[in-house]
Structure formats: C-alpha cells, structure tokens
Amino acid sequence: VQLQASGGGLVQAGGSLRLSCVASGRTLSAWTMAWFRQAPEKEREFVAAVRNGGNTDYSDSVKGRFTISRDYAKNTVYLQMNSLKPEDTAVYYCAAKASPALAHRSDIYAYWGQGTQVTVSS
C-alpha cells in the first residue's frame, strides 16, 4: 500500500486548503483512514479519521473547522481545512490501517504518506 498526500501550501489565517491522499496498491474501502500533523519540535498528533461507513472523529483543536471525507471510487481521502490558524502550521500526513476503530494513536496505523507542508501566516 502506498499513500500519496498533496494539497499543502501557504495560506493566510482564515483561509482554506484541501488536502488529498490517494491510496494505491489495494482498495482501502474497508480501512480506517486518518490525518495526523507534526509541527516543528512537536510530536505527531492526531487530526481526524474516517472509517468505512463514514463515521468520523476529530481532535478538539480542529473540530468545527476541518472535515475529513473519502471517495471510495477514487480510493482517496480528503481533509478540508477552513478557518485556518497559524497554529495549524505543520506537516500533514495521511495514514491507513485495516482495523475499523477510529484510533488517535499514530503507532496503530500501518501505512503512511510522505507528508505535505501546510503553512498559515498571521
């Protein structure tokens, strides 16, 4: 399984970005997909996850601003990020795991994309 993340960039505070993560190698429709992020000198942290069937989970810091979704036909997961803040600046990673639980722990996810940089200026 390979995950390819894209869509990062530089945006002003209050702006929006949409990240995409395309999976290849197998169909991940039954898997749980997630986004994590890592800011400089900080640990990687959970952002959002979506399981087969559409149930979602978000960290408190992004709830109400970010939306995770998936396109089964395209084997792709998205992260729509609105009302961005400077503290959202980080490298964003997509991840996948075969079990259905909406987990926050990064060590549970078996597959990772290469990361895409999101920078929010004030």
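The model shown is predicted, which means the values in this text are computed figures rather than measured ones.
Cation-pi check for K63 over Y58 is not met; the charged atom does not lie both under 6.0 angstrom from the ring centroid and within 45 degrees of its normal. Figure legend: cation-pi geometry between R44 and W112, with NZ or CZ positioned under 6.0 Å from the six-membered ring centre and within 45° of its axis.
S69 and V77 get closest at one heavy-atom pair: O-CG2, 3.1 Å. Minimum heavy-atom separation, T76 to S20: CG2-CB, 4.4 Å. The shortest non-hydrogen separation linking A49 to T32 is CB-CG2, 4.4 Å. The heavy-atom pair separating S83 from D88 by the smallest distance is O-OD2, 4.5 Å. Closest approach of M81 and L19 over heavy atoms only: CE-CG, 3.7 Å. Contact record, L3 with A23: CD2-CB, 3.6 Å, taken as the closest heavy-atom pair.
There is no path of hydrophobic side-chain contacts, each under 4.5 Å, that joins V91 to Y111.
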In sequence, state the C-alpha distance, the side-chain angles, and the governing distance for L84 and F66, and then conclude on side-chain contact (heavy atoms from CB on, under 4.5 Å).
-> CA-CA 9 Å; L84 283 161; F66 291 10; 3.8 Å; yes
When you look at Y92 and R37, which way does the side-chain hydrogen bond (donor to acceptor under 3.5 Å, both in side chains) test go after all the steps?
-> CA-CA 4 Å; Y92 283 71; R37 67 186 182 187; 2.9 Å; yes
Before giving the answer on side-chain hydrogen bond (donor to acceptor under 3.5 Å, both in side chains), spell out for S29 and T27 the whole-Å C-alpha distance, their side-chain angles and the decisive distance to 0.1 Å.
-> CA-CA 6 Å; S29 58; T27 299; 5.9 Å; no
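Aromatic rings of Y93 and F36 (six-membered ring for Trp) have centroids beyond the 6.0 Å cut-off, not under it.
For the ring pair (Phe, Tyr, Trp, His ring centres under 6.0 Å) criterion with H104, the lone passing option out of F46, Y109, W35 is F46.
Proximity of V22 to N75: side-chain heavy atoms (C-beta onward) are nowhere separated by under 4.5 Å. In this structure the side chain of W31 reaches within 4.5 angstrom of the side chain of V1, judged on heavy atoms. V118 places none of its side-chain heavy atoms less than 4.5 Å from the side chain of T89. By the 4.5 Å heavy-atom criterion applied to side chains, E45 and Q38 are not counted as neighbours.
Checking side-chain atoms of Q114 against main-chain N and O of A5 turns up a donor-acceptor pair under 3.5 Å.
Salt-bridge check for R51 with D57: failed, with every basic side-chain N at 4.0 Å or more from each acidic carboxylate O.
Remark: I68 CD1 to Y78 OH distance equals 12.0 Å, nearest 0.5 Å. Distance check: R65 CZ to N82 CG gives 9.0 Å after rounding to the nearest 0.5 Å. Going from atom CE of M33 over to atom CG of L102 covers 12.5 Å, rounded to the nearest 0.5 Å. Atoms OG and NZ, from S106 and K97 in turn, are 12.5 Å apart once rounded to the nearest 0.5 Å.
Counting heavy-atom neighbours within 6.0 Å of K42 NZ, excluding the residue itself, gives a total of 12 or less. By the neighbour-count criterion of 12 heavy atoms within 6.0 Å, atom CD of Q2 is sparsely surrounded, having that number or fewer from other residues, nucleotides or ligands.
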